[in-house]
S.K.: 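Starting off with a structure, shown below.
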2 protein chains.
Amino acid sequence: MAPALNERKEQILRAVVVNYIKTAEPVGSRTVTRLYKMGLSSATIRNEMADLEELGFLVQPHTSAGRIPSQLGYRYFVDNLMEPDDLSDVDEQVIRSSLSFEKMREIEQIINNSARVLSSVTNQTSLIMGPQFKKSAFHQLRILPLDEKRGLVVLITDTGFIKNKVIDMQQQLTQAELHQVVSYLNQKLYGLTIDQVTTSLINELKRDLFKRLEILEQAFILLEESLKEEKQIRVFLGGTTNILNQPEFKDVDKIRRMLNLFEQEPLLFRILEETSNENDIVVRIGAENEYEDIQECTLITGTYKIHDKTIGTLGVLGPTRMDYSRVITVMRRMVDYLNNRLSS
Amino acid sequence: MAPALNERKEQILRAVVVNYIKTAEPVGSRTVTRLYKMGLSSATIRNEMADLEELGFLVQPHTSAGRIPSQLGYRYFVDNLMEPDDLSDVDEQVIRSSLSFEKMREIEQIINNSARVLSSVTNQTSLIMGPQFKKSAFHQLRILPLDEKRGLVVLITDTGFIKNKVIDMQQQLTQAELHQVVSYLNQKLYGLTIDQVTTSLINELKRDLFKRLEILEQAFILLEESLKEEKQIRVFLGGTTNILNQPEFKDVDKIRRMLNLFEQEPLLFRILEETSNENDIVVRIGAENEYEDIQECTLITGTYKIHDKTIGTLGVLGPTRMDYSRVITVMRRMVDYLNNRLSS
DNA sequence: CTTTAGCACTCTGTAGCTAAGAGTGCTAAA
DNA sequence: TTTAGCACTCTTAGCTACAGAGTGCTAAAG
């Protein structure tokens, strides 16, 4: 744990962090006295800043430059010094209106829109995990025959999602046979979360059913597959170009690494999943992140729910020099609105 | 139309283009004699190159640099000088295997995979338009009641696509009423392309139906909406980071403009649609492109079909200095395989 | 003991300069 | 028509000089 600082040091640390976030330039002692006058000369501030550097809260890019916050400095700032941000009415309006579209009945549209807004309000890149069905509970399964060869599997969860998938049916089934299979499956699966529908459970059911009805192999493989597919979740990105506006990403090589990351959906998914916590907003600064390529970045995550069941994560990714206060506030609002919208 | 060149000029132009494509450095007269020895001194080549510049096929970045091809130069090369590329067995293998996955039943997966492969084999960015349903013909409509409040609309086209969408139904319909509506719609819409299902036609049907059955308004709005939605098509991107490897994109500002473009799906769609031609591969070099932000790029497009019906476009986007021969050959193969795969 | 003024020192970034290298265009001869 | 030779142009890399910003230290003042 970081040692506590006396009030004067805290004031100075705050001044440095706030200023550096705003200007992206190292902050010198002069600047601190000028902007946050506290009746002290620059020499005194200099001494204090030297102390703060010794304690690990500040670093110097080179001997004769100002100071910039270290990872520890940001951490202390976020934990102890940050003042909550007031969102402007305009921001508030933008966030709300992004979700109020009457027509957005498909959840993917809502999520996609949210990603856009989250990135534009924060000026960072946003990542939102699509709904995780595996955390929803199985509610109902239907199979609708389309023609001789195809059927439509419809899966309904307790969180109100409906996923469907077309399957080929090699063998034809009579209406009655189909009905029999479907009701058997419904009975067995009801109330389980999608997570709990494991391959072994499916195999068991398959063995069971085969005794009664031997025609089903193909249909079963396909059900299994369709469930498996639901477990891989889309991650929606917004404002990927925003990182290019940050001075810390003027190096093409860094840009490449970031964009490369953005193309790897499963990886993004894992990062979001690892970072997030159901109950609160999580701030991961620099090397606090597991994944190497974002250890110069800060990732802030929150989760959204449907009927009190957590089903997805939203994240904002940017350089460690990020307006923490603002992003966290925006994230809070976004989560609130999203929860309301999705639970109605 | 560009004037015809004598053989010697053609040889030299080809040499310059080929070399510049490979090295990204302006090509001087010495280099041409050294690499493509044709029994002439560099002075002669110099004279010829000066002619080629006068004719508009070559340009000089500055007085004392070598020459690079102009847009016209590339055009002449593509139209007259290019030799077809032999794909290596490895490439061939990669392309084929990207599509042979047994499990990819969903067309979006196939398209997505194709985008990935197309970009990695060409080392450029690829864009593939998802299937355009509006060019398919209406085949069958079904509505499956899910519970009291919701139903599932299933739309089947002659190209074998099945699109479906969940709708809310404010008023409850009896099974019989629903059946009546559905069969009426099927009768009216059968054989029309989705394109032809205009708002006015829908309104007409609506009036018609209202006479018989007044409960349907809500259901109708939603059918309309779901059709409208099918008209906006996804564009799948692959290898967006590849442009960063090109030396012409070392400027952060150019990168930003490109990436910005990539985020605007509807725009990409329009560009692909405008550029492509059903019957052949189209090469748009530099300012031949309509859209301003890609006038330093070349876009090469091809189309893919299902049962001889064109339903989508694939594109490769990169700097004008692009390996035309290779990209075009790869595009041809890709189109072939894709057509085969989708029509089976 | 704390604060501050003063000053020497360090490091960066920019501007200007030079020299090397690449390539051209022109001229005159083959 | 081709080519050798040469003066000329432009870019790039490296070097130096210098202004600007900021520090750390010392010694004096509170």
Side-chain angles (χ1 to χ4, degrees), chain A residues 5-13 15-20 22-70 73 247-248 250-252, chain B residues 5-13 15-20 22-70 73 247-248 250-252:
Chain A
L5 300 175
N6 65 40
E7 183 154 352
R8 195 164 77 183
K9 284 204 171 57
E10 286 196 342
Q11 265 191 301
I12 293 171
L13 177 57
V16 172
V17 172
V18 168
N19 212 258
Y20 184 62
K22 198 153 52 188
T23 64
E25 297 289 330
V27 183
S29 53
R30 270 291 308 269
T31 317
V32 174
T33 50
R34 200 156 16 90
L35 265 68
Y36 308 82
K37 50 168 57 198
M38 37 188 97
L40 292 174
S41 76
S42 64
T44 312
I45 304 292
R46 261 202 300 285
N47 288 330
E48 291 288 39
M49 283 167 87
D51 287 357
L52 282 168
E53 180 164 11
E54 187 126 357
L55 290 167
F57 293 98
L58 297 178
V59 290
Q60 249 178 325
H62 55 88
T63 10
S64 79
R67 302 299 207 298
I68 65 178
S70 67
E248 25 274 279
K250 61 185 193 319
D251 177 18
V252 179
Chain B
L5 299 175
N6 65 39
E7 183 155 351
R8 197 165 76 181
K9 283 204 173 55
E10 287 196 340
Q11 265 192 301
I12 294 171
L13 177 57
V16 173
V17 173
V18 168
N19 212 257
Y20 184 62
K22 197 154 51 184
T23 64
E25 297 290 328
V27 183
S29 53
R30 268 292 307 271
T31 317
V32 175
T33 50
R34 199 154 20 87
L35 265 67
Y36 309 82
K37 48 169 58 196
M38 38 188 95
L40 292 173
S41 77
S42 64
T44 312
I45 304 292
R46 259 202 302 285
N47 289 329
E48 292 286 41
M49 283 169 86
D51 288 358
L52 282 169
E53 178 163 13
E54 187 126 356
L55 290 168
F57 294 98
L58 297 178
V59 289
Q60 251 178 324
H62 56 87
T63 9
S64 79
R67 304 297 206 298
I68 66 178
S70 68
E248 25 275 279
K250 62 187 191 320
D251 176 19
V252 179

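When reading the values below, keep in mind they use all heavy atoms of this one structure, side chains included, and skip hydrogens, waters and symmetry mates. Order of the sequence lines fixes the chain letters, A, B, ..., with proteins taken first and strands second; residue numbering starts at 1 for each chain.
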S.K.: Just to verify, what does A:Glu25 make a side chain to side chain donor-acceptor pair (under 3.5 Å) with, not counting sequence neighbours?
M.R.: none
S.K.: Take atom CZ of A:Arg8 and atom C1' of C:dC1, then tell me their distance rounded to the nearest Å.
M.R.: 12 Å
S.K.: Decide yes or no for B:Asn19 and B:Tyr36: does some side-chain heavy atom of the first lie under 4.5 Å from some side-chain heavy atom of the second?
M.R.: yes
S.K.: Starting at atom CZ of A:Arg67, determine the distance to atom C1' of D:dT23, rounded to an integer number of angstrom.
M.R.: 7 Å
S.K.: Between D:dT23, C:dT12, D:dT2, spot the one nearest the side chain of A:His62, thanks.
M.R.: C:dT12
S.K.: Determine the stems involving DNA chain C; a stem requires 3 or more consecutive pairs of the Watson-Crick or G-U wobble kind, each with both distances below 3.5 Å, and the answer is none if no such run exists.
M.R.: C:1-30 with D:1-30
S.K.: So how far is it from A:Thr31 OG1 to A:Arg34 CZ, rounded to the nearest 0.5 Å?
M.R.: 5.0 Å
S.K.: Mind checking if B:Ser29 touches a base, just sugar-phosphate, or nothing, with heavy atoms under 4.0 Å?
M.R.: sugar-phosphate
S.K.: What I'd like to find out is whether the side chain of A:Leu5 reaches to under 4.5 Å of the side chain of A:Phe57, using heavy atoms alone.
M.R.: yes
S.K.: Nearest whole Å is fine: how far is D:dT23 C1' from A:Glu54 CD?
M.R.: 15 Å
S.K.: B:Met49 CE to C:dC26 P: how many Å, rounded?
M.R.: 15 Å
S.K.: Checking side-chain contact (heavy atoms from CB on, under 4.5 Å) for the pair A:Leu52/A:Lys9: CA distance, chi angles, key distance, verdict?
M.R.: CA-CA 7 Å; A:Leu52 282 168; A:Lys9 284 204 171 57; 4.0 Å; yes
S.K.: Return the value, rounded to whole Å, for the distance between atom CD of A:Glu25 and atom P of D:dT23.
M.R.: 14 Å
S.K.: Starting at atom CD1 of A:Ile68, determine the distance to atom C1' of C:dT12, rounded to an integer number of angstrom.
M.R.: 15 Å
S.K.: Assuming nearest nucleotide by heavy-atom distance, tell me which of B:Ala43 and A:Ser64 is located more 5' along DNA chain D.
M.R.: B:Ala43
S.K.: Given atom CG of A:Leu40 and atom C1' of D:dG30, what is their separation to the nearest angstrom?
M.R.: 14 Å
S.K.: Which is it for A:Met49 and A:Ile12 under the side-chain contact (heavy atoms from CB on, under 4.5 Å) test, yes or no, and what are the steps along the way?
M.R.: CA-CA 8 Å; A:Met49 283 167 87; A:Ile12 293 171; 3.9 Å; yes
S.K.: Can you tell me the distance, in whole Å, between the CG atom of B:Asn47 and the P atom of D:dT2?
M.R.: 9 Å
S.K.: Counting only side-chain heavy atoms from C-beta out, which of C:dT4, C:dG25, D:dT2 sits nearest to A:Ser41?
M.R.: C:dT4
S.K.: Between D:dT9, C:dG23, C:dT10, spot the one nearest the side chain of B:Thr63, thanks.
M.R.: D:dT9
S.K.: With a 3.5 Å cut-off and just heavy-atom distances, do the side chain of B:Arg46 and the base of C:dG25 make a donor-acceptor pair?
M.R.: yes
S.K.: From the list C:dG23, C:dG25, D:dT11, which nucleotide is the closest neighbour of the side chain of B:Ala50?
M.R.: C:dG25
